[in-house]
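Taking it in order: structure first as structure tokens, then the write-up.
Residue numbers begin at 1 in each chain, while the letters A, B, ... track the order of the sequences.
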Amino acid sequence: MIFSKTLTHWYSINKRNLPWRQTNNPYYIWLSEIILQQTQVKQGLPYYEAFIAKYPTVFDLANANESDVLKLWQGLGYYSRARNLHATSKHVANELKGEFPNNYKNLLKLKGIGDYTASAIASICFNEVAAVVDGNVYRVLSRYFGIDTPINSSKGSKEFKQLAQELIDVNNPADFNQAIMEFGAIQCKPKNPDCNICPFQDSCIAFNKNTISDLPVKIKSAKAKKKHFNFLVFISVDQKTILQKRQGKGIWQNLYQFPLIETENEMDVKTLKPLISEHDLLKDISFELVQYNKDTIIHKLSHQHLYTKFWIVNVGILKEAGILIDEIHDYPVPILIGNFIERFNF
DNA sequence: AATTCGGGGTA
DNA sequence: TACCCAGAATT
């Protein structure tokens, strides 16, 4: 097929020199693919370097504590990736003798590995003819073939997967997969793609119908909900504070935070003080309450906008054990908390 | 089939 | 602002 020939030729000339392209060791490829889910290369690169430096083998990762893995993941987001990464490393190390599955079907059974990642590892490490479909592939194929099926519909995901599987170079699935993603990432970009120097100009339907900016089609997601977060930053006379591990479902699972008071509306000292006076951590003791950030911090996530205030709570002795402020940097925290800790500098 | 998982970058 | 990113898991 001419498409794959043109594409892999473009790739041979234009590909970036990335560290995970120097190996086909499944551990490193797996690590890179998990890190790069919904994450741009530029953002994921330093995390990849940090992980292979600290955990050179799957056994090193399996022997780590989950909190240490989350700490290294801190700031990258989508923390279920880190939890699943750790769980899968234990499974591979302990049940599979350190050997990753060598095919799409069995890779797909591992936690945190879906259709895309199973295809990526199977093709790159084991030359299996399994086409990847990521955001880049949706964009390239929807434009080249002029397909307006919404990419985030079940019909769309099946349609594009089938198309990619028909196009893949059966003699070099690894390079084809990486080529189409690289092409989408650095040339067939979302905005202002480099159509003027594109080797597909003559045959690209969207270019010739002038519909590049309309493709791919995506169903819009719901708007983010507003939440009001009030973090209580305890400071005791013996230089302790309180961090709590987030349990259950929802964002930041298993990361740490200052005790959180979520409220319906924005709070000030007058409204918050009586409210928290009944809190388990403050009942029957005297405390001083000071608002740290004058302006509300608006932390924007995909589905939530967190209107956040940090409240300094000065007390004598904590009602529970707490942690030494000196050791606060050991705990994995959401970047919202991490930024506060840096700026506040205790 | 929809929603929920982060955080950083771009125009 | 709105949209995007080498998506997966849950509801």
Side-chain angles (χ1 to χ4, degrees), chain A residues 11 15-16 18 20-21 29-48 70 73-85 87-88 107-121 123-124 130-140 150-158 160-161 164 174 176-186 188-193 213-225 227 246 248-255 298-306 332-339:
Chain A
Y11 181 62
K15 69 176 175 183
R16 291 169 288 182
L18 300 170
W20 46 85
R21 290 189 175 146
I29 298 301
W30 166 68
L31 193 51
S32 73
E33 293 298 346
I34 302 299
I35 287 172
L36 292 172
Q37 288 169 4
Q38 292 294 287
T39 303
Q40 300 197 159
V41 166
K42 184 179 176 186
Q43 187 186 4
L45 193 47
Y47 287 85
Y48 175 80
L70 286 170
W73 198 272
Q74 180 177 311
L76 199 53
Y78 284 161
Y79 296 93
S80 66
R81 289 184 293 171
R83 297 189 300 269
N84 287 333
L85 183 83
T88 291
L107 285 162
L108 198 55
K109 295 176 183 172
L110 302 179
K111 278 186 185 175
I113 295 186
D115 185 277
Y116 163 78
T117 305
S119 301
I121 299 172
S123 62
I124 294 170
V132 296
V133 182
D134 73 335
N136 297 303
V137 176
Y138 280 124
R139 187 167 54 256
V140 171
I151 60 172
N152 54 344
S153 64
S154 54
K155 180 167 182 275
S157 62
K158 287 176 195 162
F160 283 98
K161 175 75 181 183
F176 176 90
N177 277 341
Q178 295 181 83
I180 193 168
M181 291 191 284
E182 188 79 337
F183 181 70
I186 69 180
C188 194
K189 298 172 291 185
K191 300 282 178 65
N192 304 323
S213 61
D214 302 326
L215 295 172
V217 173
K218 195 171 185 179
I219 300 167
K220 292 188 196 311
S221 53
K223 281 178 67 176
K225 292 171 185 168
K227 291 190 171 187
R246 286 184 67 96
K249 302 184 186 291
I251 58 171
W252 302 333
Q253 188 179 114
N254 292 3
L255 275 68
I298 306 175
H299 187 70
K300 294 183 176 179
L301 308 179
S302 304
H303 289 82
Q304 301 178 36
H305 290 351
L306 307 178
V333 296
I335 204 63
L336 174 62
I337 307 283
N339 288 341

Can you pull every protein N or O that's under 3.5 Å from an N or O on nucleotides 9-11 of chain C?
residue: C:dA9; atom: OP1; partner: A:Gly112; partner atom: N; Å: 2.3
residue: C:dT11; atom: OP1; partner: A:Lys249; partner atom: NZ; Å: 3.1

Using the 3.5 Å cut-off, write out each protein N or O paired with an N or O of nucleotides 9-11 of chain B and the distance between them.
none

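Residue A:Thr117 forms a side-chain contact (heavy atoms from CB on, under 4.5 Å) with just one option from A:Leu108, A:Val132, A:Ile29, A:Ile34, and that option is A:Ile34.
Between the side chain of A:Asn136 and the backbone N or O of A:Ile180 there is no donor-acceptor pair closer than 3.5 Å. Although no hydrogens or angles enter the test, the distance criterion places a donor-acceptor pair under 3.5 Å between the side chain of A:Ser123 and the main chain of A:Ala120. Panel note: side chain A:Arg81, backbone A:Ile35; a donor-acceptor pair is recorded below 3.5 Å. Side-chain atoms of A:Arg83 do not come within 3.5 Å of backbone N or O of A:Asn254 as any donor-acceptor pair. With hydrogens and angles disregarded, no donor-acceptor distance shorter than 3.5 Å links the side chain of A:Gln74 to the backbone of A:Ile335. Counting only distance, with no hydrogens or angles, the side chain of A:Lys191 and the backbone of A:Ser213 share no donor-acceptor pair below 3.5 Å. In this structure, the side chain of A:Glu182 does not engage the main chain of A:Tyr11 through any donor-acceptor pair within 3.5 Å.
Between the CG atom of A:Leu301 and the P atom of B:dT3 there is a distance of 18 Å, given to the nearest Å. A:Gln37 places its CD atom 18 Å from the P atom of B:dG8, with the value rounded to the nearest Å. In this structure, CH2 of A:Trp73 is placed 15 Å from C1' of B:dG8, rounded to the nearest angstrom. Between the CZ atom of A:Arg81 and the C1' atom of C:dA6 there is a distance of 11 Å, given to the nearest Å. Atom NE2 in A:His299 sits roughly 9 Å away from atom P in B:dG6 (whole-Å rounding). One interatomic measurement links the two molecules: CD1 of A:Ile151 to C1' of C:dG7, which rounds to 12 Å at whole-angstrom precision. Going from atom CG of A:Leu36 over to atom C1' of C:dA8 covers 15 Å, rounded to whole Å. In this structure, A:Phe176 places its CZ atom 14 Å from C1' of C:dA6, rounding to the nearest Å.
Between the side chains of A:Gln37 and A:Tyr116, no donor-acceptor pair is found at a separation under 3.5 Å.
Qualifying salt bridge (Lys or Arg N to Asp or Glu O under 4.0 Å) partners for A:Lys109, counting only residues two or more places apart in sequence or in other chains: none.
The base of B:dG6 sits with one of its N or O atoms less than 3.5 Å from a complementary donor or acceptor on the side chain of A:Thr39. With hydrogens and angles ignored, no donor-acceptor pair closer than 3.5 Å exists between the side chain of A:Tyr116 and the base of C:dG7.
Of the candidate nucleotides C:dA6, B:dG7, B:dT4, B:dG7 has the atom lying nearest to any side-chain atom of A:Gln43. Closest to the side chain of A:Arg139, from the set B:dG6, B:dG8, C:dC4, is C:dC4. Taking every side-chain heavy atom of A:Lys225 into account, B:dT4 is the closest of C:dA6, B:dT4, C:dC3. For A:Lys220, whose side chain is taken as the heavy atoms from C-beta onward, the closest listed nucleotide among C:dA6, C:dC3, B:dG6 is C:dC3.
C:dC4 and B:dG6: their C1' atoms are spaced 13 Å apart (whole Å). Between B:dT3 and C:dC3, the distance separating the two P atoms is 16 Å to the nearest Å. Rounded to the nearest Å, the gap between the C1' atom of B:dG9 and that of C:dA8 is 22 Å.
Among the protein residues, A:Trp20 comes within range of the nucleic acid bases, having at least one heavy atom under 4.0 Å from a base atom. Residue contacts for A:Lys223: at a heavy-atom cut-off of 4.0 Å it reaches no nucleic acid atom on any strand shown. Contact annotation for A:Gly44: no contact, since no heavy-atom pair falls under 4.0 Å across all strands. Nucleic acid contact class of A:Gly184 (heavy atoms, under 4.0 Å, all strands): none. Here A:Gln253 lies out of heavy-atom contact (under 4.0 Å) with every strand. Residue contacts for A:Thr117: at a heavy-atom cut-off of 4.0 Å it reaches the sugar-phosphate backbone alone, with no base atom in range. Counting any heavy atom pair closer than 4.0 Å across all strands shown, A:Val132 reaches no nucleic acid atom. A:Asn177 comes within 4.0 angstrom of nothing in the nucleic acid, heavy atoms only. Looking at heavy-atom distances under 4.0 Å, A:Arg83 makes no contact with the nucleic acid at all.
Residue order along DNA chain B, read from the 5' end via each residue's closest nucleotide, puts A:Ile219 first among A:Ile219 and A:Leu336. With DNA chain B read from its 5' end, the first of the two nearest nucleotides for A:Ile335 and A:Ser153 is the one closest to A:Ser153.
No more than 12 heavy atoms of other residues, nucleotides or ligands lie within 6.0 Å of NZ in A:Lys111, so this atom counts as exposed by the packing criterion.
Distances shown here put every side-chain N or O of A:Tyr78 at or beyond 4.0 Å from the OP1 or OP2 atom of B:dT4. The phosphate of B:dG7 (OP1 or OP2) has a side-chain N or O of A:Trp252 nearer than 4.0 angstrom.
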Verdict with reasoning, A:Thr39 to A:Tyr78, per side chain to side chain contact (heavy atoms under 4.5 Å, CB included)
CA-CA 10 Å; A:Thr39 303; A:Tyr78 284 161; 5.8 Å; no
